[in-house]
Amino acid sequence: MAAEEYKDYLAARVLAEHKPVTYRLLSRALHTNVQTARRMLFEFHKRQNAKKPNSVHATYLVTGTPRRAEQTIDTDMRSPPFMSSMSEPEAPKDSDLDHTSESDSEGTIVPSGVRETEIILVREEELEETRAQFEGELSVHIYSLEPGPLEDLGVLSACNHEIGANRADEDPLERWKLYGSIRNQHIKRRTGKWTGPVVTSTSKSASTPAVTSFAKLGAKEKGASAPASRGGASEDSTSGRSTPQLSAAPSTLKRTDSKSGKNKDRTAGDIFKSFAKAKAKPQEADKSKGSTPAPVADEPMQGMSEDEGDADDEPEIKIDEEKNAAAQKARQERAERLRKMMEDDDEEMPDAPAADSQPEASPAAAGDTPEPTEGEATVTAANGRRRGRRRVMKKKKVKDEDGYLVTKEEVVWESFSEDEPAPKKAKAAPAKPASSVKGKTGGKKGQGSIASFFKKA
Amino acid sequence: MVLEDESGRLHIAGLPLHRHYVTGCILAALGTEEADGTFRIVATHTAGLPRQPLRWERDEITLSRQKQIAPQRERAGKLAIVSGLNLGAEDGNELWLDLLVEYLTGEASTQDESSKITRLVIAGGSLARGSPILPRDEFEAQKLSAEDENADEPTWYEPEPMACLDEFLCDILPTLPITMLPGARDPTNVALPQQPIHPTLLPNTKFYAEPLRESKESLNGFDAVTNPWVGDIDGYRVLGTGGQTVTDLLKYIKHGKSVDAMENMLQWRCVAPTAPDTLWCYPFQDKDPLMLTECPHIYFAGCQKKFDKKIIEGPAGQKVLLVSVPKFRLSCEIVLVDMESWDVEVVKLGAGKAGKEKRAKVRAEEGKELA
């Protein structure tokens, strides 16, 4: 793939521009797997130096276990001198367990059966020397090509920075496919802004297809990476174990957290549950309102008809028409009442305590307007007859001695019974007076269905 | 030297306690009261390791509450711990960071090795100077320089290191879940316990964060956690700190080793014994969250001088793996903990001669800073 393209790119960059190229930069630039990119680097290096010795210089990444006897590297990397006495752990492992609570045990040698791996970046010339310091499994990969020996390896980091500049547009979760890095199956990335549950739900739905497609691609990747694995590009890897891709494909699948799948479901469930709850609430509100025998004329007796279920099973369509008209009217009424309530509240609230202090004001003067307001009712329905007690808020308006109008609210339990099995008309009828005397009752009643109030707006 | 409890203080004599204890330890002392009111100690005892939960305990409990059977759990992988990335330090050499990213994402070379890693833990010290309050030495240096120049240097905010950290995390996150603890110089509160680094500071990384859950099992995406942190990784209870507690305790001790200090903390059942004394700490009124009530399985401390590990066993069969994690900027070491066998490995990133010289220079600077 892109057989000539990479040569052009490398020639332009290394030979003409005299800039270093790392395998990562090459893979990003050409959108190829990093293994392929390494192979390209290697071939380019070989060919160019065959043409003209020392025209291209290479840096290698050596991975392996350092030889324990070789202390030079280690001591060099250890921090301050007083620690150097315990540079390389060699003591038997048993003393792991012999713990004393002496915190000032004088710098004994640290026991640790610790496997050590070093990943070292070396210049071409140091390669052989470095390899001698390692034992056992060793792999050497080409890291970068540059026009001449690098004085400061930090240049390569600047080179890697170029990657950052031109990858902004790609999806980081898709990167593994192209470049062959390890992938975490459970990672999710939210897109868009973080504004609340609504967004999380959308992002969730966005991510699920992604996840499933990952699952599919997991299989695909195996096939895709297989050819790449042959070109493992690990130039003269002495151990012969560096065909990372083959093992990588299954091992990426290993990266799992047993519970994550479940968690996903759980969180999703929560979101939906919360939505469901929100939806259920207005219904409940309606229901509770419906069960009071003095509802507004809209959505008549959702609760009732459920309770009784007999005698008034009318065709649904009819109800709906009725409902629509009624609902619209009711909504207007309710809006009106709400507005009134706002105004009334302002006036009446300060008076309320005064009313308590003078409960025996002359009732006749103000013209009592006892109004049943909201209430919870205990309803027993037997033989189609409804009987029960309900708690009603009654408002009493009285004129006190000073001539002020005082409104009192009293909770009154009143019993009610209906001879008929609660037909709609009968229910609507008591509503009429309640709604005709608007203003006072509205506040309480309107609250239950405030959601439907907003629906209109 | 005094003993103190909620009722009062008692001067003590007898055993030289300072050889075994630092200030803030919890202990039982056996002794007698002398004529002058001092308390002569004959013997002391610590609380010892608390109860250690079973592996997957928290998980099992929630599962059994929900009446579910425990799922078949896969073999846990390895936990990679780094600390002290010190982004924004002067040397500006990000090559090791690049190598770290390449190693963890499996691009470097050894994909078979790095694919076993299932989580990266950043144990504090991500930024070189991200703290809202300057450390004391720097503060004094700044004060001196301010006196010299007779001008108040306004505190400025450098966004680059944070952006750099953001990029670093974003590079790794598609490959690995990350748990990040704040450290001494990270942009969060200074007093222990430190709050997680706020997601808005990491504008790209935050999209990988999963919504918070009740359980203490580590999240799958980006998981910013508190500084002394207790959580579950692969069912094990893990206690981690950004290293301030251990470093501060070691100031009281000559030739102390981090793992020994950590072991003692577990014996004393106190994560930060020196906390209100020489370490900043939030004054809790009713309960002390720095108290250990359950013994962790793995206890790591970041930003230590060097790598070390130790396995201690308690009288009730507790077994704890202690790991002190060196600063990455100095040692370029990544600590790998196999979550099944508890084998600890070190991966050292390095360079040939050119890199070594550079490193020596960095370390010399750091040494100066410490001195």
Side-chain angles (χ1 to χ4, degrees), chain A residues 24 34 61 63 76-77 79-80 83 96-97 99 101 103-107 110 112 114-123 126 130 139 141 150-154 156-157 160 164 172-173 175-176 181-184 186-190 200 244 247-248 251-252 254-260 267, chain B residues 19-20 71 73-74 77 93-95 98-99 103 105-112 114-115 118 167 170 173-177 207-208 211 217 220-221 253-256 260-261 263-264 267 305-306 308-313 330-331 344-356 363 367:
Chain A
R24 276 180 97 202
V34 281
L61 194 64
T63 309
D76 205 45
M77 288 184 178
S79 47
M83 282 293 165
D96 264 353
L97 313 176
H99 62 88
S101 56
S103 39
D104 52 353
S105 55
E106 306 269 332
V110 190
S112 55
V114 177
R115 217 181 89 194
E116 205 177 355
T117 311
E118 275 195 38
I119 301 177
I120 290 190
L121 206 55
V122 290
R123 282 177 292 210
E126 301 162 6
T130 314
S139 69
H141 294 255
L150 286 175
E151 283 308 310
D152 183 3
L153 291 173
L156 295 178
S157 134
N160 283 332
L173 295 189
R175 220 182 285 155
W176 61 275
S181 53
I182 302 171
R183 179 177 64 103
N184 178 10
H186 302 297
I187 203 75
K188 277 178 284 178
R189 184 165 174 272
R190 284 174 298 116
T200 52
S247 63
S251 60
T252 46
K254 248 183 253 166
R255 226 162 247 226
T256 53
D257 194 345
S258 55
K259 271 178 297 162
S260 60
T267 49
Chain B
R19 287 187 52 193
H20 304 274
R73 292 189 175 98
E74 292 171 51
N93 189 351
E94 309 298 326
L95 184 61
D98 288 341
L99 277 180
Y103 173 71
T105 55
E107 287 177 36
S109 55
T110 47
Q111 201 160 39
D112 48 347
S114 20
S115 65
T118 51
E167 196 181 307
C170 279
L173 270 166
T175 302
L176 278 177
F207 292 118
Y208 292 97
E217 180 70 28
N220 252 322
I253 302 166
K254 273 183 204 161
H255 311 298
D260 292 333
E263 184 194 339
N264 283 323
Q267 299 279 0
K305 277 179 190 143
K306 63 192 212 61
D308 208 347
K309 71 134 198 179
K310 189 172 183 178
I311 291 180
I312 60 169
E313 280 180 27
L330 295 187
S331 65
V344 183
E345 286 174 48
V346 178
V347 175
K348 196 180 281 176
L349 306 178
K353 279 174 191 144
K356 250 183 256 174
R363 206 167 38 238

Which value, rounded to the nearest 0.5 Å, describes the distance between B:Asp98 atom CG and A:Arg24 atom CZ?
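Output value for this atom pair is 6.0 Å.
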Side-chain touch A:Leu61/B:Leu99, heavy atoms, less than 4.5 angstrom:
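In contact.
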Return the minimal non-hydrogen interatomic distance between B:Glu345 and A:Thr117, and the atom names on each side.
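It is OE1-OG1, 4.4 Å.
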